[in-house]
Amino acid sequence: MGRMEGRVALITGGASGLGAEDARVLAREGARVVITDVQDELGAKVAAEIPGCLYLHQDVRGEARWAEVVAETLRAFGRLDTLVNNAGVVRFANVEALSYADYKFQVDIMLDGTFLGCQAAIPHMTRDGGGSIINMASVAALKGIASIPAYSAAKGGIISMTRSIAAHCHEKGYRIRVNAIAPGGIVTPMTDFAREAMPESSQRAAQPGADGRGQPSDIASMVLYLACDDGRHINGTSITIDNGETTR
């Protein structure tokens, strides 16, 4: 049997990149998967490629929509075991040039969206005997890149909030593990856009090193590990997957 047999996973930002690969890997291991996104055409295409996968439109900034998405997941599959808070966006400008609207847009999607997802999912995971929440951070939270202060702030906040939520679940006696993953340079549509749009000085700071960028499967393998029983003793931490990028 697959390592996710009988379990249900909800993945935000699942229409492309890391979210789509997470969905494929978890489904191959037996999970029933729900993916959400605002890119409906791409999301429906990914869902059609994964047996039994359900696609739902979702802007993760909406509190009411989170309640609806969790309810639709429960109606479709009867339980919720894994939440992957993966939805993200990046806009480039240094602290002097970044508009407050663009700052809020990024923080609202990544930091607030992660908070709302955890808040919506935890009561249902508790009811079903526990689960795993995996929040997508970034090496941008661990090193200075001048052109992405809002993105870095959101990802840094996700790492800190992950620890806090893990501590809460432990204190309450919930069997819910909460961890973050901090990827380095990975080949995805968003990072391809970033490489083109990022100023040259920041490109140097974000350079992944001589061995090049990783693949979405490098991150999805860790998502699987944290979601299944293999990761049962990992809780409240952030795991950096960057091929040594942050050591240079």
Point to revise | Residues L80, L10; criterion side chain to side chain contact (heavy atoms under 4.5 Å, CB included); working and verdict | key: CA-CA 7 Å; L80 177 58; L10 170 59; 3.8 Å; yes
Measure the shortest side-chain to side-chain distance between [X] and [Y] over non-hydrogen atoms and say whether it is less than 4.5 angstrom.
X   : Y    : answer
R3  : L224 : yes
Q58 : T12  : yes
L83 : N85  : yes
R24 : I50  : yes

Point to revise | Minimum heavy-atom distance between I158 and L111, given as atom pair plus value | key: N-CD1, 3.6 Å
Check your understanding: Which pair of non-hydrogen atoms, one from A120 and one from W66, has the smallest distance, and what is that distance?
Key ->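 Closest approach of A120 to W66, heavy atoms only: CB-CB, 4.0 Å.
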In the single-linkage hydrophobic clustering (I, L, V, M, F, W, Y; side-chain heavy atoms under 4.5 Å), do [X] and [Y] co-cluster?
X    : Y    : value
L226 : V139 : no
I239 : I11  : yes
I159 : V223 : no
L142 : M110 : no
V89  : M161 : yes

Looking at [Y] and [X], is there a salt bridge between them, counting it only when a charged N and a carboxylate O are closer than 4.0 Å?
X   : Y    : value
R7  : D229 : yes
R79 : D81  : yes
D59 : R65  : no

Review point. Step by step, would you call T237 with N179 a side-chain hydrogen bond (donor to acceptor under 3.5 Å, both in side chains)?
Key: CA-CA 5 Å; T237 194; N179 293 290; 5.4 Å; no
Check your understanding: Could you give the distance from OG1 (T73) to CZ (R32), rounded to the nearest 0.5 Å?
Key -> 11.0 Å
Revision key, fill the gap. Taken to the nearest 0.5 Å, the spacing of S16 OG from L42 CG works out to 6.5 Å
Check your understanding: Checking side-chain contact (heavy atoms from CB on, under 4.5 Å) against R61, which of L116, I109, D112 comes through?
Key -> I109
Exercise for review: In sequence, state the C-alpha distance, the side-chain angles, and the governing distance for D37 and Y55, and then conclude on side-chain hydrogen bond (donor to acceptor under 3.5 Å, both in side chains).
Suggested key: CA-CA 8 Å; D37 212 299; Y55 171 74; 5.4 Å; no
Review point. Hey, does the side chain of Y225 reach the backbone of D230 with a donor-acceptor pair shorter than 3.5 angstrom?
Key: yes
Exercise for review: Run the numbers on N135 and C118 for side chain to side chain contact (heavy atoms under 4.5 Å, CB included), then give the verdict.
Suggested key: CA-CA 9 Å; N135 299 325; C118 293; 4.0 Å; yes
Exercise for review: Show the numbers, then the answer: is there a side chain to side chain contact (heavy atoms under 4.5 Å, CB included) between L54 and F77?
Suggested key: CA-CA 10 Å; L54 173 65; F77 298 123; 4.3 Å; yes
Review point. Should E5 and E29 be marked as a side chain to side chain contact (heavy atoms under 4.5 Å, CB included) after you check the CA-CA gap, both sets of side-chain angles, and the distance that decides it?
Key: CA-CA 6 Å; E5 197 71 35; E29 289 289 334; over 6 Å; no
